[in-house]
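No hydrogens, no waters, no symmetry mates; every other heavy atom, side chains included, goes into these values.
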Amino acid sequence: VSKSDGNKRLYMGNIHKEKTQEELLKELQILFTGVKSVFVQQDVNEPSHNRGYAFVDFVDHKTAVDIRRQCLADRKILFGRQIRNVDWADVQQAYTEPDPETVKSLHIAPVSEETTEEMTKKKKVPTATLR
């Protein structure tokens, strides 16, 4: 069994950092058939830029396999740069909120020195948020 079984998402590196998610989606749909969506992460130091890689979702596993093979065999150019390091992306499970009844400990930060345990129990800590 391959780690790619059923996976429809590829990681693509060396993506132009100044391009938006929408621009990448449009160009990738021209370059490849079967592109469903694109996800890029924002650069923390340069919020108007992405981090130089993208996760690309395809309509099905077979399409993703074919595109991966194409990228490994041929130089695929996107916005004047060769797409590199094309490989299977780990598909993350969706986040679900924990059941408050099962939470045994909770870390709250930042909290001022004046905050007491009683205040936190009464939820009167303005900086505390549950994530």
Closer than 3.5 angstrom, by distance alone: can the side chain of N50 be matched with the main-chain N or O of T20 as a donor-acceptor pair?
no
H61 side chain to N7 backbone, donor-acceptor under 3.5 Å
yes
Which side-chain N or O atoms in residues 30-42 pair as donor and acceptor under 3.5 Å with protein atoms at least two apart or in another chain?
| from | atom 1 | to | atom 2 | distance (Å) |
| --- | --- | --- | --- | --- |
| S37 | OG | D57 | OD2 | 3.0 |
| Q41 | OE1 | R51 | NH1 | 3.4 |
| Q41 | OE1 | Y53 | OH | 2.6 |
| Q42 | NE2 | P47 | O | 2.8 |

How many angstroms lie between [atom1] in [X] and [atom2] in [Y], if you round to the nearest 0.5 Å?
X: F58; Y: L10; atom1: CZ; atom2: CG; answer: 5.0 Å
X: Y11; Y: F55; atom1: OH; atom2: CZ; answer: 7.0 Å
X: Q70; Y: R75; atom1: CD; atom2: CZ; answer: 15.5 Å
X: L28; Y: Q21; atom1: CG; atom2: CD; answer: 11.0 Å

Which residues share a side-chain contact (heavy atoms from CB on, under 4.5 Å) with K62, sequence neighbours left out:
D60, D66
Measure across D43 and N45 and return the closest heavy-atom pair with its distance rounded to 0.1 Å.
OD1-N, 2.8 Å
Identify each donor-acceptor pair in which a side-chain atom of residues 76-84 lies under 3.5 Å from a protein atom, sequence neighbours left out, and give them as a table.
| from | atom 1 | to | atom 2 | distance (Å) |
| --- | --- | --- | --- | --- |
| R81 | NH2 | N14 | OD1 | 3.1 |

Can you list the steps and then say if M12 with N85 is a side-chain contact (heavy atoms from CB on, under 4.5 Å)?
CA-CA 6 Å; M12 294 185 176; N85 305 323; over 6 Å; no
Are W88 and R9 side-chain neighbours, meaning at least one heavy-atom pair lies under 4.5 Å?
no
